[in-house]
Colleague: 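Pasting in a structure now, in structure tokens, and then I'll have a few things to ask.
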Number of protein chains: 2
Amino acid sequence: MKGKRICIVGGVAGGASCAARARRLDERAEIIIFERGPFVSFANCGLPYYVGDVIRREEHLLVATPEMFRQRFNIEVRLHSEVVGIDREGRRILVRDHQTGRDYHEAYDALVLAPGASPVRPPIEGLDLPGVFFVRTIPDSRAIRRMIDERNAGSAVVVGGGYIGLEMTENLVRRGLQVTVLEMQRQLMPACDPEMVWPLQEVLAEKGVDVRLGAQVERIKEAGSEGLTVRLRSGESVRAPLVIVAVGVRPEVQLARDAGLTVGQLGGIRVDDKMQTSDPAIWAVGDAVEVVHVVTGRQTLLPLAGPANRQGRIAADVICGRDVRFRGVQGTAVVGLFDHVLTITGPSEKTLKALGLWNDPYDCEKIYLHPGHHASYYPGAETIAMKLVFSRKDGKILGFQAVGKKGAVRRTDVIAMAMQKGGTVFDLEEAELCYAPQFGSAKDPVNLAGMIAANVVRGDVDVVHAEDMDRVPQDVLVLDVREPFEFRRGHIPGAVHIPLGALRQRMDELPRDREIWAYCYVGQRSYVAARALRQYGYRAKNLSGGYRSYTTWRKALGKASGVFEGQGR
Amino acid sequence: MKGKRICIVGGVAGGASCAARARRLDERAEIIIFERGPFVSFANCGLPYYVGDVIRREEHLLVATPEMFRQRFNIEVRLHSEVVGIDREGRRILVRDHQTGRDYHEAYDALVLAPGASPVRPPIEGLDLPGVFFVRTIPDSRAIRRMIDERNAGSAVVVGGGYIGLEMTENLVRRGLQVTVLEMQRQLMPACDPEMVWPLQEVLAEKGVDVRLGAQVERIKEAGSEGLTVRLRSGESVRAPLVIVAVGVRPEVQLARDAGLTVGQLGGIRVDDKMQTSDPAIWAVGDAVEVVHVVTGRQTLLPLAGPANRQGRIAADVICGRDVRFRGVQGTAVVGLFDHVLTITGPSEKTLKALGLWNDPYDCEKIYLHPGHHASYYPGAETIAMKLVFSRKDGKILGFQAVGKKGAVRRTDVIAMAMQKGGTVFDLEEAELCYAPQFGSAKDPVNLAGMIAANVVRGDVDVVHAEDMDRVPQDVLVLDVREPFEFRRGHIPGAVHIPLGALRQRMDELPRDREIWAYCYVGQRSYVAARALRQYGYRAKNLSGGYRSYTTWRKALGKASGVFEGQGR
């Protein structure tokens, strides 16, 4: 008895996972992967590191080969084979063999679209000039390597300051190039909140990278022996022999659109939670699809390998008759930049506000903290700057971001898991995590985040934020409770100074008719102060994240004026 | 209006947390900490590293001082003050001031017992000889340091191979000492399963540490200029000037027992989920109490700083009139040993079996896997050996252990959080965690553990284990599906060899009337083989963890003969 024929368009993350899973579930199925490019299942997340020579050999990027698919899974892989049309009525696809130039039809019982996403081509003149590269394929990276190795490119312009832009920047610096980053928006890593991204900008400055925000590229021109000139709308220009364009990716939907499948407003193929498209015989997975965000409830694009792999598995399960569902995404992501790491799970504050979800339905609040990645008494503790967004109504965790040298990924993963299970700040408070002094703290950063947030949800303390310090109302007194030497080094303008140790004795100096906003360096001592003040009848609030969050915010604001407009709470 | 008086016995983790929390909740309370020793709130988890000179200065171990408690929290700390009696009727304690020798009474409204645990004194002669040390206090560590720094101790015997024993071993080796570890049981780290502990034993061997299992110490004698002789019941003896005894801790319950408070069968103070003892005016927290294990449902002792801190907070909350509960413990723990880390959360297989919970109510199964801590194509990936225990009934996660150089803590914390939220293997399968090639894999080790276990729960594959290979039934055929070069290097005796790539062609060589146990190196290829065989009508199972788990098991077994008896499934 012959099984069903499953045709899969695209053989990288989602497509390859789908094919292998389908085989494990159904030995009798005929499974064919059509891959337009010269490789199947290659490690596209590794491309920047191949450019940086961290990954030294191209073979290392080849996760699997057609031969392996054939031998291990009895799956046929056809390389250089582009699917150019779908005859939904006839359940067949039109395939173009780029090696022979031949077009032919292939019938399917189930069709899976996993074409991925292609780099956005911004409206810039000169994108096709030699020396201008996108980073999507192994040949792309090979060509960039050749520019460095053979043509001795000494400098580069990276257009775009998101994930790929920063990873490419790190790797080009690693290869000795002088790099200029041009980001159109007024912050790097637009998926995250600006104050969490700021430390990365400091890292780039230390490495001698020239970062220009709000930089709109107008055109790229040839500049003779100096290679290329990148001209900005501001009139400035930057010269370099090498220009990397990494301004995001866009779902590959031409094939789906031509076939009349529903494409969503964000430009991704629409699928249900079984990864099924508007045609019940066609599934779609990976970077090409829109998925539901579990926190915002909205459609979203999340072109990452993890969800792609899981979606591929789920499509295979459904095709093989199982009743499974994709749960949606929460947007967990990480970017490394030299010795720093920036992570996010759940939507950013920016996103929640942009979608109009901050106040309703969630009644959001946020807290900042700066714990060490392990016990402070064990040498080598590195600070993690953390931001937790949660609902004041019930303590539900809505989003988390972290940045630091060590330990950020671990805490993000723990909080991502808590969110997946509908967890609250009270769950974080009571989390029982690994502790030995070189690995964490008796109160882990995750616990601390939970405790601080739980204090807010329980009404034990109200918080204000760095941005509120720019518009302190007349009837508010700002109180610095740090030690004198800290106050002298710098403080918030207009702050009254009473160290925590003297607060109880000197409380009478404080006015009873004004609200008091207390702060210390990271928000812990001022929390104690705010609690004491409240109990003595004062209206006191705590500056979340303390002077440290305040200074970060100021710096981010100074460099990126205007970013925070319209984000008032 | 004067507030209530809260007296706290013991000022380290639980006591100090309780005091600080109580102050934040109640400014009017009178809060007094009675601490028998010379320090309050010191970092006892750091003591081994102070011996190892990783933590260089004693001051670094002092998390807080009496002065800080007074200034910051208006909390009185009385050092050298031992509480020697409780007059429950009169609600007062009898305090002995060890500096003046004076005894006095102090009244309380609420009494919190946080006396900690003391090192177990095993029934060995000679424990009081000079050169024999326990590791509980700063003065203990100071004395050990002096033995090394001033008396040039060149070797040491560590009695006990648990957390403190191993941490001390690492730090003594770091100081250049030749160390012998004597462990009474037939494995190190008895809280964990033997096959998960085995890699640590290899680490110790590499470092030249002489580890003797099943070693029962009979007596310690003076041996003139050579210091001490440790005599074993086997007749062997070991000489060293320094002997560290670290065979566990025992709750300090004398005070509670004398006061007639209920002490549990495990020897800890009994408390309810509000940390209240059998006297409603007395609370107890930290290493001295028995707590409920959330997985086993049994009382347990878990003398760790994390739970102690959280219990202290909860006692303070309850004393201050709040309705909060301690959720119980799941037993998350970690030990570092040179470049290796061993972690656990939830009960071990051993524990579940010893408590009679393995088959009923949980219908437990376990899986092993050996993923890289990040993408294999990015250089530097280190293998994590992982073991997940779960219920076959509903996929509920029951326990997890991991050992490896990197990434074990992170995955353990994620799974600990999943367990806390009642998570299943299906949740792990769908977890959305941080991925970039230097930080993880598109299918993170957590996802892989979930996927492998979910395959078992869904009935897609049955697993057998390394220990089953010692008693392969007559009607079972063991099938090695690795490549020829792997098979030649070593294989399970009697195994038939057909590489996965040739399996579909050569399937007819396999008998249809025998069950087939397939294996490869880590269990992935043989899973594919088992799936294929099943679909072609064979009864096939997969060796979980593959040849790698098998060889680990054999090695652990060879060194620790008899450990696994009575653990048949």
Side-chain angles (χ1 to χ4, degrees), chain A residues 13 24 27 43 45-46 49 54-55 60-61 63 71-74 304-307 309-310 327 329-330 332-336 341 343 375 377-379 409-410 412-414 416-418 420-421 423 427 430-439 442-444 500-501 504 525 528 531-532 535-536, chain B residues 13 24 27 43 45-46 49 54-55 60-61 63 71-74 304-307 309-310 327 329-330 332-336 341 343 375 377-379 409-410 412-414 416-418 420-421 423 427 430-439 442-444 500-501 504 525 528 531-532 535-536:
Chain A
R24 291 194 299 266
E27 268 295 315
C45 306
Y49 304 93
V54 176
I55 298 170
H60 293 159
L61 295 171
V63 177
Q71 283 214 342
R72 193 170 284 188
F73 295 110
N74 188 26
L304 294 175
N309 275 290
R310 295 199 303 285
R327 300 177 176 194
V329 297
Q330 58 193 72
T332 308
V334 58
V335 65
V341 180
T343 62
Y377 65 82
Y378 191 92
V409 169
R410 174 171 149 209
T412 306
D413 278 355
V414 172
M417 175 53 77
Q420 187 191 345
K421 295 296 294 173
D427 294 320
E430 294 300 319
E432 191 181 317
L433 305 173
C434 291
Y435 167 57
Q438 69 274 48
F439 302 117
K443 287 176 189 155
D444 190 86
L500 175 58
R504 288 180 183 84
R525 284 171 288 173
V528 175
R531 284 295 309 159
Q535 294 185 65
Y536 285 108
Chain B
R24 290 194 300 265
E27 268 295 315
C45 306
Y49 304 92
V54 176
I55 297 171
H60 293 159
L61 295 170
V63 177
Q71 282 214 343
R72 191 170 287 189
F73 295 110
N74 188 27
L304 295 176
N309 275 290
R310 294 198 305 282
R327 300 178 176 193
V329 297
Q330 59 193 71
T332 309
V334 57
V335 65
V341 180
T343 62
Y377 66 82
Y378 192 93
V409 169
R410 174 171 149 209
T412 305
D413 279 356
V414 172
M417 174 52 76
Q420 186 191 344
K421 294 297 295 172
D427 294 319
E430 293 299 320
E432 191 182 317
L433 305 172
C434 291
Y435 166 58
Q438 69 274 49
F439 301 116
K443 286 176 189 156
D444 190 86
L500 175 58
R504 288 182 182 86
R525 283 171 288 173
V528 176
R531 285 294 309 159
Q535 294 185 65
Y536 286 108

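Naming convention: chains lettered A, B, ... in sequence-line order (proteins, then strands); numbering from 1 in each chain.
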Colleague: Examine whether an atom of A:A436 lies under 4.5 Å from a heavy atom of chain B, and if so say whether it belongs to the side chain, the backbone or both; otherwise answer neither.
Modeller: both
Colleague: So which part of A:Y536 gets closer than 4.5 Å to some heavy atom of chain B, the side chain, the backbone, both or neither?
Modeller: side chain
Colleague: Considering residues at least two apart in sequence or located in another chain, which fulfil the salt bridge (charged side-chain N to carboxylate O under 4.0 Å, His left out) criterion with B:R327?
Modeller: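 With neighbours one apart ignored, the set is A:D427.
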Colleague: Counting heavy-atom pairs under 4.5 Å to chain B, which of A:R310, A:H60, A:Q330 comes out on top?
Modeller: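 Highest number of heavy-atom pairs under 4.5 Å: A:R310.
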Colleague: A:A418, A:P307, A:A13: which one forms the most heavy-atom pairs within less than 4.5 Å of chain B?
Modeller: A:A418
Colleague: Can you see which heavy atom on A:M417 is nearest to which on B:A431, and at what distance?
Modeller: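 So the minimum-distance heavy-atom pair works out to CE-CB, 3.7 Å.
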Colleague: Counting heavy-atom pairs closer than 4.5 Å to chain A, which one of B:G423, B:A333, B:A416, B:P379 comes out on top?
Modeller: B:P379
Colleague: Can you give me the closest heavy-atom contact between A:A532 and B:E27, atom names plus distance?
Modeller: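 Nearest heavy atoms, A:A532 then B:E27: CB-OE2, 3.1 Å.
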Colleague: Under 4.5 Å from any heavy atom of chain A, what part of B:E432 do you find: side chain, backbone, both or neither?
Modeller: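 For B:E432, the contact with chain A is made by backbone and side chain together.
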Colleague: What part of A:V329 lies closer than 4.5 angstrom to a heavy atom of chain B: side chain, backbone, both or neither?
Modeller: both
Colleague: How about B:Y377 and A:C45: do any of their side-chain heavy atoms sit closer than 4.5 Å?
Modeller: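 They are in contact (side-chain heavy atoms under 4.5 Å apart), so the answer is yes.
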Colleague: Is the shortest side-chain heavy-atom distance between A:E430 and B:Q420 below 4.5 Å?
Modeller: yes
Colleague: Only pairs of heavy atoms separated by less than 4.5 Å count here; which of A:Q71, A:R525, A:K421, A:K443 has the most with chain B?
Modeller: A:K421
Colleague: If I take atom CZ from residue B:R504 and atom CZ from residue A:R72, how far apart are they, to the nearest 0.5 angstrom?
Modeller: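 Spacing of CZ (B:R504) from CZ (A:R72) equals 10.5 Å.
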Colleague: From A:L433 CG over to B:R410 CZ, what is the distance, rounded to the nearest 0.5 angstrom?
Modeller: 14.0 Å
Colleague: Within the structure provided, determine whether A:L304 and B:Y435 are in side-chain contact (heavy-atom separation under 4.5 Å).
Modeller: no
Colleague: Check for a donor-acceptor pair, side chain of A:Q535 on one end and backbone N or O of B:R24 on the other, with a separation under 3.5 Å.
Modeller: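 Yes, the answer is positive, given that a donor and an acceptor are paired below the 3.5 Å cut-off.
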Colleague: Which heavy atom of A:C434 sits nearest to which heavy atom of B:D413, and what is that distance?
Modeller: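 Nearest pair, atom of A:C434 first, then B:D413: N-OD1, 2.8 Å.
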Colleague: Which one of A:V335, A:N74, A:V63 has the most heavy-atom pairs closer than 4.5 Å to chain B?
Modeller: A:N74
